[in-house]
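Below is one structure, written out as structure tokens; the observations come after it.
For the single chain, residues carry numbers from 1 onward in sequence order.
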Amino acid sequence: MRKLYVANKNYSSWSMRPWVLMKQAGIEFEEVMVPFGEDAFSPGSQFKRTIGALNPNGLVPVLVDDGLIVWDTLAIAEYLAETCPDAQLWPADRAQRARARSICAEMHAGFGALRSACIMNIEADLATQGALIWRDNAAVRADVARIVSMWSELLADHAASHADGMLFGRFSVADAYYAPVVMRLTRYALPVPAEVAAYLKRVEALPGVKAWVDDALAERDFLDFEEPYRLGR
């Protein structure tokens with residue numbers, strides 16, 4: 001049985017990507033939750049000791065499959081696509097696969113302003129904070145504009161190819177990869193056009209995403225270093 005090591009579902013956007021990918025695609029795995037804790041990023045923390053024994057960079061997620069250890073979300077996605085070909089995790093068309101890989105790599109390396117200013121926090125209503133961020137942070141507005149442009153083009157290009165209404169028609173790595181962005185856009189109530197807002201709702205309705213969100217809401221494990229905006233609970 002594959003094991004996927006993840007951290008707090010309310011906060012860990014990187015953990016969310018492969019978990020949602022596997023759950024939505026029907027790939028069986030055992031979840032191993034390693035909570036952050038307030039000292040999560042100090043060298044001697046329980047989190048670092050547990051994850052560091054598997055992954056030399058001490059970060060989640062980590063996939064363990066029959067003794068083979070795979071870390072980094074893109075590496076995990078590619079490994080699963082190779083070992084679970086029936087799941088069709090990437091688009092079947094070569095050109096569309098390249099396009100899907102490109103936008104996942106862009107997420108992997110970019111959108112730093114959005115990720116830094118709008119920390120993923122599934123449980124919180126951050127609309128007030130989002131309005132201030134939107135007003136004051138031009139880099140966040142630029143990141144969202146790029147995402148909106150990308151998604152709008154993909155949704156228009158694949159509108160007739162499949163009824164699922166995902167970025168490449170049917171669910172793929174790309175949708176799992178951008179699921180944490182969906183969480184940010186919705187929780188911070190950042191403005192997007194109607195076709196993108198509809199896509200956000202479709203992603204949140206995916207059983208794999210809903211399962212992650214339900215677990216995140218049930219955690220009630222609040223960490224001060226992940227809560228720069230919350231004034232009370």
Side-chain angles (χ1 to χ4, degrees), residues 2 4 6 9 12-29 31 60-63 65 70-111 114-115 120 122 143-144 146-186 192-193 195-213 215-216:
R2 302 173 189 86
L4 182 67
V6 299
K9 291 180 178 175
S12 184
S13 59
W14 293 105
S15 297
M16 185 181 187
R17 293 181 172 95
W19 195 99
V20 164
L21 179 65
M22 297 171 78
K23 182 69 72 170
Q24 184 65 27
I27 298 172
E28 292 187 2
F29 68 99
E31 173 194 307
V60 286
V62 180
L63 178 69
D65 187 7
V70 187
W71 64 93
D72 185 277
T73 53
L74 275 179
I76 292 171
E78 292 288 9
Y79 176 77
L80 292 170
E82 287 185 1
T83 56
C84 306
D86 291 344
Q88 299 178 315
L89 300 181
W90 292 111
D93 178 77
R94 183 176 63 180
Q96 294 306 317
R97 280 200 307 277
R99 194 177 184 190
R101 286 182 167 118
S102 293
I103 69 165
C104 288
E106 185 174 354
M107 178 69 252
H108 199 274
F111 305 115
L114 177 64
R115 297 207 311 246
M120 192 175 87
I122 292 172
D143 278 356
V144 173
R146 167 59 189 146
I147 290 166
V148 165
S149 174
M150 174 201 303
W151 287 0
S152 297
E153 182 180 354
L154 289 168
L155 291 169
D157 287 351
H158 297 93
S161 65
H162 203 279
D164 290 354
M166 297 289 105
L167 293 177
F168 290 87
R170 66 184 302 277
F171 175 80
S172 73
V173 174
D175 302 292
Y177 222 76
Y178 278 89
V181 173
V182 172
M183 299 297 107
R184 289 175 164 97
L185 293 176
T186 55
V192 296
E195 71 272 12
V196 170
Y199 171 69
L200 302 181
K201 291 181 179 180
R202 291 195 296 272
V203 170
E204 290 211 80
L206 291 171
V209 173
K210 188 176 185 304
W212 178 276
V213 170
D215 288 350

Nearest 0.5 angstrom please: L200 CG to E204 CD, how far?
7.0 Å

Can you name the residues that form a side-chain contact (heavy atoms from CB on, under 4.5 Å) with D175, not counting sequence neighbours?
M166, L167, F171, S172, Y199

Does the pair R170 and H158 meet the rule for a side chain to side chain contact (heavy atoms under 4.5 Å, CB included), with working shown?
CA-CA 9 Å; R170 66 184 302 277; H158 297 93; over 6 Å; no

Salt bridge (charged side-chain N to carboxylate O under 4.0 Å, His left out) partners of R99, counting only residues at least two apart
E153, D157

Output for pair (I27 CD1, D86 CG), nearest 0.5 Å, gives 10.0 Å

Backbone N/O of G165 and side chain of R202: donor-acceptor pair under 3.5 Å:
yes

For residues 17-28, which residue pairs qualify under side chain to side chain donor-acceptor pair (under 3.5 Å), counting only residues two or more places apart or in two chains?
W19-E31

Approximate separation, where rounding is to 0.5 Å, of L89 CG and M22 CE:
9.5 Å

Looking only at atom types and distance, does a side-chain atom of S152 sit under 3.5 Å from a main-chain N or O of S149, one as donor and one as acceptor?
no

Flag the pair K9 and D215 as a salt bridge only when some basic side-chain nitrogen lies within less than 4.0 angstrom of an acidic carboxylate oxygen.
yes

Could you tell me if the ring centre of F168 sits under 6.0 Å from that of W90?
no

To the nearest 0.5 Å, tell me how far H108 NE2 sits from Y177 OH.
3.5 Å

